[in-house]
Amino acid sequence: MKYWILVVVVLMLISSSSSIFEELRELFHPSPMDEQQKQQILHETLKIKKRDNPLRPVIIVPSLIGNQLQAQLVNSQPNHLWCSSNSDWYTIWLDENAFYPLERDCWSDNMKLVFDQQTLSVKARQGVNIRGIDYGGLEGVRYMDTQKQIISWGNIIDLLVALGYTPGKDLRAAPYDWRYGPDSSFSNSFQPLQQLIQDTYEINGNLSISVTSNSMGGGYFLLFLNTMSQQWKDKYIHSFVPFSSCFAGSILSPAFLIGTPVYEGIDFASIGSLWASVLWLSPYAAVNGDRVLFTTPSKQFTVSKLPDLLAYAGFNESAILLKTVTKNQTLIAPHVPTYCLYGYDIPTLHEVNYETESFKGPSTNTTAPGDGVCSIKSLDLCSVWANQQTQPAVSYPIPTLTHGALNNSESIRFFLKILDL
């Protein structure tokens, strides 16, 4: 009898973990390209590739949730008796085992950030250290997860390696802790990024770098470029190629916080409520204007009233933090050759009208053209920058392409052309 009880418990644990993981896979990333598509692109590129040309070095800047993270516990103070307080480095994002009951309580606590009332910024929980995996290498950006089920940059990496690129030499990545926003935490990662670009330049015969990014990685790298001199950019940056970058934010960021239910014991909104990056991705007033985003029967919340929305929903610390991070919602032109690849003609959330005062109740939503996550205004900043810089700023819209541009054969072909392949 005890044996069968144990079997049932184990099956429940496996079933629960798998269902959450499947939901995450469906939510965060579309299916990868099939092998036939990759071989077709490879065949076309090898046919026209100028073999005498040296390979243009590439550095990948991943997105929010787009690279794996490792955690180390050093005398942490867990909130549950069954959670460890000390550990060696282990993968915290993303591992299917983290979603088992009991274990997911530990994962949730360690992934949270803590609000600092004095600095009005966020920090890690005491005793919890988190970092990106394989800085300068590729292992942290191929897949989001250790089980290799949710592909991130894997397709593009495989194609570039097949075309002659060498991981760690002319094909590198700059993973970072994407929970933070444009405060000291982002700034602290800028110096290693600068050094990575300069080292890559030198080990590749002084060839300038093509930096490519996905989603929030585009805004992150734009911030970095805005801190560098024009002389430095002219020397080291060949091109900036953002895939599906929400440069001016998305309504899905605040919608995620106020409308995400607790799912199989994990309160995702609570975990992400103090991720400064999520708040930083709220719609930018400079592009969206002060339009209405959310309504209830008694209230309207415009772009400028998003802190009020968060406070009304019970996220008081998030409301304060939002005021801090929006000071860094800059859209200054990058002043390097820039090529914006994105999809359009996908209905994208534009306004949410709740039927009750509760944000958990039914709502009537309106949509506008975009890629399913970001609006056209947020994606197509190249059209604006074309009038603000002397360097090329080119938009490459792809009809009916969703936010997963990394797995689209047309966008990848365009990227390869930028690399002169």
Side-chain angles (χ1 to χ4, degrees), residues 5-29 62 64-116 121-134 139-141 143-150 152 175-181 185 256-257 260-279 314-315 317-318 321:
I5 293 175
L6 179 61
V7 170
V8 171
V9 169
V10 170
L11 288 174
M12 288 175 63
L13 295 181
I14 293 173
S15 174
S16 178
S17 169
S18 299
S19 61
I20 292 176
F21 205 72
E22 288 299 318
E23 288 286 344
L24 286 173
R25 180 164 58 179
E26 291 298 319
L27 177 63
F28 290 130
H29 223 282
L64 175 68
I65 73 165
N67 63 260
Q68 295 181 33
L69 298 175
Q70 289 181 327
Q72 178 194 51
L73 306 179
V74 182
N75 298 323
S76 66
Q77 299 175 353
N79 295 320
H80 307 280
L81 293 176
W82 51 87
C83 298
S84 301
S85 58
N86 290 279
S87 76
D88 291 329
W89 289 101
Y90 68 95
T91 301
I92 189 169
W93 182 272
L94 183 64
D95 191 303
E96 184 175 2
N97 297 325
F99 298 108
Y100 291 140
L102 300 186
E103 183 62 32
R104 65 193 179 201
D105 296 329
C106 312
W107 176 85
S108 298
D109 285 343
N110 292 333
M111 283 295 290
K112 289 180 180 178
L113 294 174
V114 179
F115 186 67
D116 188 326
S121 61
V122 287
K123 58 185 179 182
R125 238 175 21 92
Q126 183 177 348
V128 180
N129 302 317
I130 292 185
R131 69 184 183 186
I133 295 176
D134 193 22
E139 290 312 304
V141 302
Y143 294 87
M144 291 186 192
D145 64 304
T146 55
Q147 285 76 22
K148 298 183 178 181
Q149 295 185 46
I150 310 175
S152 187
Y176 56 102
D177 188 345
W178 32 257
R179 300 172 303 158
Y180 291 92
S185 302
F256 160 74
L257 294 181
T260 301
V262 175
Y263 184 76
E264 294 200 15
I266 298 182
D267 188 349
F268 287 102
S270 175
I271 295 168
S273 63
L274 289 175
W275 288 1
S277 53
V278 171
L279 297 169
F315 296 102
E317 291 179 337
S318 303
L321 183 59

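With hydrogens and angles disregarded, a donor-acceptor distance shorter than 3.5 Å links the side chain of Ser76 to the backbone of Ser85. Put simply, the side chain of Arg125 never gets that close to the backbone of Lys112: no donor and acceptor are under 3.5 Å apart.
Contact detail for Tyr180 and Lys123: the closest heavy-atom pair is OH-C, 3.8 Å. What you find for Leu73 and Ser84 is that their closest heavy atoms are CD1-O, 3.4 Å.
Across Gln72, Met111, Gln68, a single residue satisfies side-chain contact (heavy atoms from CB on, under 4.5 Å) together with Ile92, and that is Met111.
A 4.5 Å side-chain heavy-atom check between Leu69 and Trp178 finds at least one atom pair inside the cut-off. At least one side-chain heavy atom of Leu279 sits less than 4.5 Å from a side-chain heavy atom of Leu257. Proximity of Asp145 to Glu96: side-chain heavy atoms (C-beta onward) are nowhere separated by under 4.5 Å. Counting only heavy atoms from C-beta outward, the side chains of Phe315 and Ser270 never approach each other to under 4.5 Å. Contact of the Leu274 side chain with the Ser318 side chain is registered, since non-hydrogen atoms from C-beta on lie closer than 4.5 Å. The closest side-chain heavy-atom distance from Asn67 to Ile133 is not below 4.5 Å.
In this structure Glu139 satisfies the salt bridge (Lys or Arg N to Asp or Glu O under 4.0 Å) test together with Arg142, sequence neighbours excluded.
Within 6.0 Å of atom CG in Asn86, more than 12 heavy atoms from other residues, nucleotides or ligands are found, so the atom counts as buried in its surroundings.
Between Phe268 and Phe99, the ring planes lie tilted relative to each other; the angle falls in the 30° to 60° range.
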